[in-house]
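Written out below as structure tokens is the structure these notes cover.
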Number of protein chains: 2
Amino acid sequence: MVTIKDVAKATGVSPSTVSRVIADNPRISPDTKKKVRKAMKELGYHPNINARNLVVKSTKAIGVIMPSSANTALQNPFFPEILRGIGSVTHNMQYSMMLSSGESDEEIYAEVQRMVYGSYIDGVILLYSRVNDRVMNFLQENEFPFVIVGKPYENINKITHVDNDNFAAGKEITRHLIEQGHEKIAFIGGSKDLFVTMDREAGYEAALKEAGLMDCDEYKIHTEFLKSGGREAVEDLLALDNRPTGIVVSDDLMSLGVLSTLEESGVNVPQDISLVSFNNVYLSEITRPALTTVDVNIYELGAQSAKALIEKTVTKTEPSKRIIVPYKIVYRDSVSKKA
Amino acid sequence: MVTIKDVAKATGVSPSTVSRVIADNPRISPDTKKKVRKAMKELGYHPNINARNLVVKSTKAIGVIMPSSANTALQNPFFPEILRGIGSVTHNMQYSMMLSSGESDEEIYAEVQRMVYGSYIDGVILLYSRVNDRVMNFLQENEFPFVIVGKPYENINKITHVDNDNFAAGKEITRHLIEQGHEKIAFIGGSKDLFVTMDREAGYEAALKEAGLMDCDEYKIHTEFLKSGGREAVEDLLALDNRPTGIVVSDDLMSLGVLSTLEESGVNVPQDISLVSFNNVYLSEITRPALTTVDVNIYELGAQSAKALIEKTVTKTEPSKRIIVPYKIVYRDSVSKKA
DNA sequence: CTGTTAGCGCCTTCAG
DNA sequence: CTGAAGGCGCTAACAG
């Protein structure tokens, strides 16, 4: 391995001078800079990141923590996409990203501890948000920089987070159904622990109320963010005496399950039942019919959170903030007018 | 930050002793071990990974490099799934994984250089394999440990790789179609640069030959590993005078595109055209109809490659090897008997 | 079984 | 504008 000393020797300057040209210190003469850089190139010198980290106490790496069910989580195209967003900015800023690989809460917690205490990383992005999360508490207690994607349960203005206006989105997409003449509209969402679900559902309820429509409990179902979840939900809904004619589903992947179960049951979408959904994952234009869904701009969610986190880690004193990424409804073929 | 010295002082021993209990060195008395560990806990000591790395010259982290089109790559559920496999073993062995985030060839190359030269990582897993890849050449020249998922273009027995027997799989799945009475069978694959495609295609051809069926060029289409790719391919196929009744598609995601294009064109699967595919991504059981596909055991592909890589990095002299992960055909609803 | 001594490769005062 | 010296936190011989 070629070190700073080697290039110092080769150039006839001292190691500290080399160090300074690496940092592009302005008080080094252009001449020596040129010389040194040339030597670096010739010798194939590359700074050893560990040595540097050791002294500057920064790794220029961030940890990205997936929800505890990492196994199932990665199945949702939401995550790959958000990773892309994060990756784009880490890459531009010459940061690396370290992915969590634990599958249980326990494992993840241990992993985060290792990352933080071992100074593997400068900060973390939490790709989920739920009530009373151990990992988040840990991060807070240690005053370790982090940002969460979604809405924090409490201390909402003490925690930097990037989110959509899920309430507004839920309201708007539900209103779309209403405008098409639907009056019996159901909601299928994920766990009530998750803020996404709650916000979207609140929006849905607000839209119903505004239109003077009934808002009954049997139309609201909570299940897993997966295809299987969608399946069960539909069965419940179809068993109702008073079947809905429209459904608001809080995740595209769930919609997939909903769609296929509906089809199996001989219900046509959108003729018999209209469907609207959330996220606009690439799948949603592939399904038959293609989904009308709210594009939450997943990529941007990732990019913004990475940006915010990195800012936070460099200027240790960055105030916490709330970043709202705009959404946009994408109209496709899963909704039809109700006579 | 609490260091090794602090706990040494607190315990009344020397730093090296503390270091040894960290490494669980057998020549330390159980007594002192206990004492030291207690102090570590009380002080909240955690070893600084950078300091350690600096001296032992190992980071216990591996780099995972995605295909250059990382943007589109992550869209294929294949990658999240293989990450899961890799993650499972890195996690067990207390390794971390660093994900590439570059989007162009150029960026990725630079990224890998940084990872390697900066001693961020001990080894890399290449999640693709193509002819004359710059990154791979770089790794080879620098004798940096790496394994590739797939089949290397050359030096096949000098490069550790983990792969399926794609030839056999291609042959077997095609034979399935033949056994169901199909005689006009097309093949849709990805770029010819990629070994996966070539191997699967060769298997397909072998099966046709064995059955004495015709093997014509207009039945073989190469396109992108994406939904859009599937779409174009189908249009070409349907334009033929002599339409195939069966199609072998070399990737589930492509099959999705194929499926939806077929449906739009009013062809029924499997009544009019039967479809078989590869990978058994979770999507393949969600589609209508669910896909008959070869399960290549993506998770295992990832796990094996991580295992092999880590072995390689610890025993610097591990011989290169070829690891074949078994596949299994999953029969679902996309194939029907031809009268 | 344990302490002492040297660094790992780099950055950062402090002097010139 | 540049050198010398010291230290980041840890491990690894080498002594005892």
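Below, each value reflects all heavy atoms present in this structure, side chains not excepted, and no hydrogens, waters or symmetry copies.
Residue whose closest nucleotide on DNA chain C sits further toward the 5' end, between A:His46 and B:Lys33: B:Lys33. The nearest heavy atom of DNA chain C to B:Leu54 and to B:Pro30 marks one nucleotide each, and the one closer to the 5' end goes with B:Pro30.
Each of C:dT2, C:dG9, C:dC11 was ranked by its minimum atom distance to the side chain of B:Arg27; first place goes to C:dT2. Of the candidates C:dC10, D:dA12, D:dG3, D:dA12 carries the atom nearest the B:Val55 side chain, counting heavy atoms from C-beta on. Of the candidate nucleotides C:dC11, C:dG9, D:dA4, D:dA4 has the atom nearest to the side chain of A:Arg20. When distances run from any side-chain atom of B:Thr32 to the nucleotides C:dG9, C:dC11, C:dT2, the shortest one goes to C:dT2. Among the nucleotides D:dG9, D:dC10, C:dC10, the one closest to any side-chain atom of B:Met1 is D:dG9.
If you take CG of A:Asp31 and P of D:dC1, they are 11 Å apart, rounded to a whole angstrom. Whole-Å rounding puts the A:Asn25 CG to D:dC1 C1' distance at 9 Å. Atom C1' of nucleotide C:dC10 and atom CG of B:Asn53 are separated by 15 Å, given to the nearest angstrom. As a whole-Å value, the separation of A:Arg52 CZ from D:dG7 C1' is 17 Å. Atom NZ in B:Lys35 sits roughly 14 Å away from atom P in C:dC1 (whole-Å rounding). A straight line from CG of B:Asn48 to P of C:dC8 spans 18 Å, rounded to a whole angstrom. Nucleotide D:dT11 holds its C1' atom 15 Å from the CG atom of B:Asn50, rounded to whole Å. Here D:dA12 presents its P atom at 13 Å from CD1 of B:Ile28, a figure rounded to the nearest Å.
Distances shorter than 4.0 Å separate none of the side-chain N or O atoms of B:Lys57 from OP1 or OP2 on D:dT11. In this model, the phosphate group of D:dC1 is not approached by any side-chain N or O of A:Thr17 to a distance below 4.0 Å at OP1 or OP2. Taking 4.0 angstrom as the limit, A:Tyr117 places none of its side-chain polar atoms (N or O) nearer than this to OP1 or OP2 of D:dG9. Taking side-chain N and O atoms only, A:Ser29 has a distance below 4.0 Å to OP1 or OP2 of D:dT2. A sub-4.0 Å separation between OP1 or OP2 of D:dG3 and a side-chain N or O of A:Ser14 is present. Within the 4.0 Å cut-off from OP1 or OP2 of C:dG9, not a single side-chain nitrogen or oxygen of A:Thr3 is found.
Within the 4.0 angstrom heavy-atom criterion, only backbone atoms of the sugar-phosphate kind lie near B:Val13; the bases stay farther away. Using a 4.0 Å heavy-atom distance criterion, B:Pro47 is classed as a sugar-phosphate-only contact.
Using a cut-off of 4.0 Å between Lys/Arg side-chain N and Asp/Glu carboxylate O, A:Glu300 and A:Lys307 are scored as not salt-bridged. For the pair A:Arg130 and A:Asp133, the salt-bridge criterion is met [side-chain N within less than 4.0 Å of a carboxylate O]. Look at A:Lys321 and A:Glu311 and you find a salt bridge, because one of the NZ, NE, NH1 or NH2 atoms lies within 4.0 Å of a carboxylate O, short of that distance. A salt bridge does not link B:Asp31 with B:Lys34: none of the charged nitrogens is closer than 4.0 Å to a carboxylate oxygen. One finds no salt bridge joining A:Asp122 and A:Lys312 here, because no Lys/Arg side-chain nitrogen approaches an Asp/Glu carboxylate oxygen to under 4.0 Å.
When atom types are taken as modelled, the side chain of A:Glu111 and the backbone of A:Gly102 share a donor-acceptor pair closer than 3.5 angstrom.
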